[in-house]
Amino acid sequence: VWALAVPARRRAEPAASVADLSEADRRLAALGGALAAARPAAARALLRDVDRHLATASSPPGETSRTRWARDMLLDTARVRGEFMRGEVVVADGWCLARSEAALCVYLHALDCARC
Amino acid sequence: MLIDANEVEDGALVRTDLCVIGAGAAGITLARALAGPELDVVLVESGGLTREAESDALQEAVNLDARYPIAASRSRVFGGSTSHWGGLCLPLDADDFRPHSWVADSGWPLQRADLEPYYAQALPIIDLPRIYRAADVRVDEEMHPPLLGAADAAFVPLVWLKSPPTRMGTKYRDEVTRSDHLRCYVHATASELIPSRYGNRIERLEVRTLGGRGVRVVARDYVLAAGGIENARLLLLSDSVLDRGIGNQHDLVGRCFMDHLNQVVGAMTLVSSGGSTSFQEEHVMERRLHGVDASQFGFATTAALRAEHRLLACSLNAVPSQEPDPSAAAVEDLLAGPGGGASEGVRTGRRYVLYTVAEQTPNRESRVFLRPERDPLGLRKVAVDLRITPADTRSVRRSLELFGSALARTGHGRVRIRDVDDAAWHVLAGHHMGTTRMADDPGRGVTDRDGKVHGVANLHVAGSSLFPTGGFANPTLTIVALALRQAARLRAGAPRAPELRGGGPETTNRPGGTN
């Protein structure tokens, strides 16, 4: 499942090259893990969202900036508020998150899993 | 004056203008409001001046759902439930009085405007300031904009009022003791209202004591103010003439028993935004205004939101939390926006526990009724069968989801929803409502809009058993306001009967007792 989080061209790369997660990233990854455990199908769908964004990005991020890129893209204020306005809400470990916020958590969880 | 019924001669006859049964918030309010040179009042209280195990044994109920802790929410003592209440108060909202197409049996025969002057009069009785809406609290909205604001059609801010809490038994004991026009009999348990042959008038009240005495009270009018469970019980016990009990021709006495769902349902983390450093509600909390509960603030669903989503009334209340919560820290990172958590470190939010006080659906299967078991006076015990419906809990959950979305839309924070298990929902607020509900149609209510029992000329009911729906507000302020309204109507419509002036045989029976 989590292979989806890392585009094919990067899967063969050694784990050490995957961007290290900060303390804050790992907390979000834990939320993503809780969501994946509770609703695996929803988590897979969120990861596919991230993959689509990665595939269409005009300048794909380098390894070290991937988490920053994901944050920039997925936590855009207008995007998040728009999702709440449209009712695109995902519950992760009880927290009501916008779809993109939840996608970031699941993505970071996948990165964390790939690193281990 | 205060009289211990155990010291009254067995078989004594007490005559009065008005007999009030139950010395709780409603009973004491009514008795104080009406007793005077023009109206002699007798107040009959089953308990003593302090809690006693023997008196409490008289209210033991057969609880059909052990998850519902019924015993903890009842006080058989002079002062009633004000002897143990927490003091939080709010009036009911105008929408609480209206019928709603999505809630069966909803709607009061009164409007908020009918109670408005009595709410104002009720405030000092339970030591509340003369403000009772968030809008009345002066705040600097420029520096502290409302969290969701008047412009938000979904939620309104709540600022709970806080009584000290007033222990009415303590506060008003001296006044009752000194009164020449109010006699309060303690240790006097009302055992049966005896109606006339056709059941359209009450002729007397039978009273018993654990000391083996029996007393009869004959009055022109009677007000039953013994609480949401005992009001129904006494009407049902009064079956020597009418076999279904008094006021029960439509099998409504004891039905539609409601409480308030009162449960921790989630958490909230707030972050600053828009240049303000805090929110109106937090600001109010910090100011610790006299009479405003400074420990919490809350939000209520608006009438428009309830209608749109077919919800029951619900408040969500925030209490500061000191509990460590790693997932809250993660959410605060999200709220920091792009680059926030990773590059700037953890951003500290303000964390709160969210608990609800929420309305239940009036449900005829949720009820109190008589059982064959007997109490120490030989009176049939009451069974309590409180039902919580899926609609009740769904409404809270949906309200919380909508609140979470509203909070997020405005960029102020995030809400965490706690999965409340079925057993936990049964720990309620201890607000017993609905068992003698008021309605203009006798087929839908036990009493009319004035609390007079349908079909009985001189019997009234007071207290939260009258509430057709409960809203989310703690009931004491409304109980006192309703009692004041009833007092005004009794005073206006009830010229004193000449034959009841002066004392009766009981005057020779008055003991030194507890006067």
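Residue numbering restarts at 1 for every chain, and letters A, B, ... go by the order of the sequence lines.
Note: A:Cys105 SG to B:Leu334 CG = 5.0 Å, rounded to the nearest 0.5 Å. Note: A:Glu83 CD to B:Ser405 OG = 11.5 Å, rounded to the nearest 0.5 Å.
Using a 4.5 Å cut-off between heavy atoms, B:Arg414 touches chain A through backbone and side chain atoms alike. Neither the backbone nor the side chain of A:Leu74 comes within contact range of chain B; no heavy atom of the residue lies under 4.5 Å from a heavy atom of that chain.
With chain A as the partner, the residue from B:Asp419, B:Val331, B:Leu402 showing the most heavy-atom pairs under 4.5 Å is B:Val331.
Closest non-hydrogen pair, B:Ser327 versus A:Trp95, comes out as OG-NE1, 2.9 Å. In plain terms, the two heavy atoms of A:Arg71 and B:Asp333 that are nearest each other are NH1-O, 4.2 Å. In plain terms, the two heavy atoms of B:Ala330 and A:Leu28 that are nearest each other are O-CD2, 3.1 Å. Residue B:Arg409 comes nearest to A:Met85 through the heavy atom pair CD-SD, 2.8 Å, listed as atom of the first residue, atom of the second, then distance.
With a 6.0 Å radius and a threshold of 12 heavy atoms from other residues, nucleotides or ligands, B:Arg398 has its CZ atom above the threshold.
Between the B:Arg416 side chain and the A:Asp93 main chain, a donor and an acceptor come within less than 3.5 Å of each other.
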